[in-house]
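These figures come from a predicted structure and were not determined experimentally. Throughout, protein chains are lettered first and strands after them, A, B, ... in sequence-line order, and every chain is numbered starting at 1.
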Amino acid sequence: MKILFMGTPAFAVVSLDALVAAGHGICGVVTKKDTPQGRKMRLTPPPVKTRAKELGLPVFQPDTLRDEAFSELLCRLDPELIVVVAYGKILPASVLSYPPRGCVNVHGSLLPAYRGAAPMQRSLMDGQETVGVTTMMMDEGMDTGDMLLTRTYRPGENECFGSVSDALARLGADALTETLRLMEAGSLVRVPQDGRLATFAPKIEKSEETLDFSLPARVLHNRIRALSPAPLCRTFTPGGALLKIVSSSLPGLAAAGEAGEVLTDGGNLLVCCGDGQTLEITELLPEGKQRMKAADYLRGRKLKKGDRLGRKEN
RNA sequence: CGCGGGGUAGAGCAGUUGGUAGCUCGUCGGGCUCAUAACCCGGAGGUCGUGUGGUUCAAGUCCCACCCCCGCAA
């Protein structure tokens, strides 16, 4: 099938590779523009662009899909189908209606739950034991199109967003190729979403990164893994140093302490939470340092029993 | 030249007003113990990021240049 692929991050690269491996003709790859990133604000190409170039595919990085230039490009490429995986921009009706086979999207949740920008993170934050991906026919709504295929995944108790995203990227690619196979065979079944069951997964806001130890341990743990390996949850030491939390676990121990109180002097870093349960911080990233095991951090004697982690004092 | 932190034994850190390096852990050997991630004794392991750089009688410690890592901000 002659396909126009639209996607941006590493999550989408897996699907792009799968399409190529499945022998589909990719007439073009549309991705977001290079953005300044990192300390030096160096212009960095999105992963999909890098991969597309390696594959020798033509890459397009339009400012907008809503102008004449893109319409002309669309006509020139003349795709039968558009596949969208984490592109990062809304497709206008003019684009959605162009390809005869329509537009297929790979979405990182089991729709109609978690429509929106950050489905995987929100699923983990909510402590969902089953997550997944859904392929769907796109329409003008936000992830409201008819569902095609799903794949489910059960993340481990401590599994972080990065790992889940990798897993779902593979499952998404798998679901995508199967969807296209069924489409070509004419046996694709479209399942309308029940809008009454819809939930939303808005993008992560900066304020959500700061840990509030008055919350229950499980809530904190889920947030930590949902935001790892990036952007990471943050808290502050009594000295005011920023501490990013990379990973944690729930030892299931009750504790009588104040919220954010460090309960140990060495070894494991146990912190008392609002519900009287403990959260074990297993890996962290001190400001200006490499990420390290919490036990290593304690070896440097930066925290001792009775210290309180929390918001920066002002 | 956006702001800032850091590069010292395998790991995490300390190192005061410049005088050739310490701590916790790990590791190796021995001991104690029914046993142990516990305890005791002992050992190995470091050109202190790079520069056959500058200052100095003497630099991890001051100055200069460069490389690398990280946080903030985007």
Side-chain angles (χ1 to χ4, degrees), chain A residues 7-12 31-50 61-64 86-90 116-118 121 157-158 160-163 165 202-213 220 223-253 255 260-271 278-314:
Chain A
T8 302
F11 183 87
T31 189
K32 290 220 281 191
K33 306 196 74 170
D34 296 10
T35 53
Q37 288 186 344
R39 261 172 292 278
K40 302 248 161 108
M41 292 302 279
R42 269 207 316 254
L43 219 51
T44 307
V48 162
K49 177 183 181 180
T50 304
Q61 299 176 280
D63 284 315
T64 176
Y87 172 52
K89 287 191 181 192
I90 304 290
Q121 293 95 323
E157 279 262 319
N158 299 328
C160 72
F161 161 64
S163 169
S165 176
K203 69 178 183 184
I204 306 297
E205 285 181 35
K206 187 143 205 125
S207 60
E208 298 177 81
E209 293 171 16
T210 300
L211 294 175
D212 175 0
F213 284 101
L220 292 163
R223 178 162 311 184
I224 286 166
R225 64 198 190 105
L227 298 188
S228 181
L232 294 178
C233 284
R234 51 181 71 200
T235 188
F236 295 89
T237 67
L242 172 65
L243 215 54
K244 289 193 149 194
I245 310 303
V246 177
S247 62
S248 59
S249 65
L250 294 170
L253 301 170
E261 185 176 340
V262 175
L263 301 167
T264 46
D265 252 327
N268 299 334
L269 177 48
L270 298 175
V271 183
T278 55
L279 177 74
E280 178 179 357
I281 293 171
T282 49
E283 276 180 290
L284 46 72
L285 172 61
E287 183 175 8
K289 302 298 254 182
Q290 306 280 89
R291 62 182 50 188
M292 63 184 76
K293 297 240 172 75
D296 287 339
Y297 180 74
L298 292 180
R299 220 158 266 133
R301 291 178 274 184
K302 289 296 178 54
L303 276 181
K304 55 187 184 303
K305 186 174 180 177
D307 282 348
R308 287 190 67 183
L309 296 175
R311 299 172 191 285
K312 186 163 193 162
E313 306 184 17
N314 28 347

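B:rG10 atom C1' lies 12 Å from atom NZ of A:Lys293, rounded to whole Å. Following rounding to the nearest Å, A:Leu232 (CG) and B:rC70 (P) show an atom-to-atom distance of 13 Å. Following rounding to the nearest Å, A:Ile245 (CD1) and B:rC70 (P) show an atom-to-atom distance of 18 Å. Here the P atom of nucleotide B:rG12 and the CG atom of A:Leu269 are 17 Å apart, to the nearest Å. The CD-P distance, from A:Glu287 to B:rC3, rounds to 16 Å in whole Å. For the pair A:Glu283 CD and B:rG12 P, the computed distance is 13 Å after rounding to whole Å. Summarising the geometry, the separation between CE on A:Met292 and C1' on B:rA11 is reported as 9 Å, rounded to the nearest angstrom. Going from atom OH of A:Tyr297 over to atom C1' of B:rC70 covers 14 Å, rounded to whole Å.
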Worked verdict on A:Phe236 versus A:Leu242 for side-chain contact (heavy atoms from CB on, under 4.5 Å): CA-CA 5 Å; A:Phe236 295 89; A:Leu242 172 65; 3.8 Å; yes

Derivation and outcome, side-chain contact (heavy atoms from CB on, under 4.5 Å), residues A:Leu279 and A:Ile224: CA-CA 11 Å; A:Leu279 177 74; A:Ile224 286 166; 3.8 Å; yes

Chi angles and distances behind the side-chain contact (heavy atoms from CB on, under 4.5 Å) call for A:Thr264, A:Lys305: CA-CA 5 Å; A:Thr264 46; A:Lys305 186 174 180 177; over 6 Å; no

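The side chain of A:Lys289 sits closest to B:rG6 out of B:rC72, B:rG12, B:rG6. Relative to the side chain of A:Lys206, the nucleotides B:rG71, B:rA11, B:rA73 differ in distance, and B:rA73 lies closest. Taking only side-chain atoms of A:Arg234, from C-beta outward, the nucleotide of B:rC72, B:rC70, B:rC13 with the closest atom is B:rC72.
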What protein N or O atoms touch nucleotides 22-24 of chain B N or O atoms at under 3.5 angstrom, if any, and at what distances?
unit_1, atom_1, unit_2, atom_2, d
B:rC23, O2', A:Arg301, NH2, 3.2

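B:rG2 is paired with B:rC72 under the criterion used here, namely a Watson-Crick or G-U wobble arrangement in which both key atom distances are under 3.5 Å. Of the nucleotides present, B:rG31 is the one that pairs with B:rC39 by Watson-Crick or G-U wobble criteria, both distances under 3.5 Å. Under the Watson-Crick or G-U wobble criterion, with both distances below 3.5 Å, B:rU61 is left unpaired in every strand shown. Nucleotide B:rU56 is matched to nothing when pairs are restricted to Watson-Crick or G-U wobble geometry with both distances under 3.5 angstrom. Here B:rG45 sits opposite no nucleotide as a Watson-Crick or G-U wobble pair (both hydrogen-bonding atom distances under 3.5 Å).
Residue pairs meeting the side-chain hydrogen bond (donor to acceptor under 3.5 Å, both in side chains) criterion with at least one member in residues 224-238 of chain A, sequence neighbours excluded: A:Glu209-A:Arg234, A:Asn222-A:Arg225.
The P atoms of B:rU47 and B:rA21 are separated by 13 Å, rounded to the nearest whole Å. Look at the C1' atom in both B:rG71 and B:rU52: the space between them is 36 Å, to the nearest Å. Rounded to a whole angstrom, the distance from the P atom of B:rU50 to that of B:rA35 is 47 Å. Comparing the C1' positions of B:rC67 and B:rA58 gives a spacing of 28 Å, expressed to the nearest Å. Atom name P, nucleotides B:rG54 and B:rA65: the rounded distance is 15 Å, in whole Å. Taking atom C1' on both B:rC70 and B:rG31, the two are 44 Å apart, rounded to the nearest angstrom. Only the P atoms considered, B:rG6 is 12 Å distant from B:rC62, to the nearest whole Å. The same atom, C1', is picked in B:rA14 and in B:rG60; the two are 12 Å apart, to the nearest Å.
Taking the side chain to side chain contact (heavy atoms under 4.5 Å, CB included) definition, one finds that A:Thr64 meets it with A:Arg66, A:Asp67, sequence neighbours left out. Take A:Asp63 and apply the side chain to side chain contact (heavy atoms under 4.5 Å, CB included) test, not counting sequence neighbours, and it matches A:Lys33. Looking at residues two or more places apart in sequence or on another chain, you find a side chain to side chain contact (heavy atoms under 4.5 Å, CB included) between A:Gln37 and A:Thr35, A:Thr44. Residues satisfying the side chain to side chain contact (heavy atoms under 4.5 Å, CB included) test with A:Ala12, not counting sequence neighbours, are A:Phe5, A:Pro9, A:Val48, A:Val85.
Taking 3.5 Å as the limit, the base of B:rG71 and the side chain of A:Arg39 contain a donor-acceptor pair of atoms between them.
Contacts of A:Lys244 with the nucleic acid, taken as non-hydrogen atoms under 4.0 Å apart, involve only primed sugar atoms and P, OP1 or OP2. Using a 4.0 Å heavy-atom criterion, one finds that A:Arg291 contacts no nucleic acid atom at all.
The residue among A:Gly300 and A:Gly288 whose nearest nucleotide of RNA chain B is located toward the 5' end is A:Gly288.
The environment of A:Gln61 atom CD is dense: over 12 non-hydrogen atoms of other residues, nucleotides or ligands sit within 6.0 angstrom.
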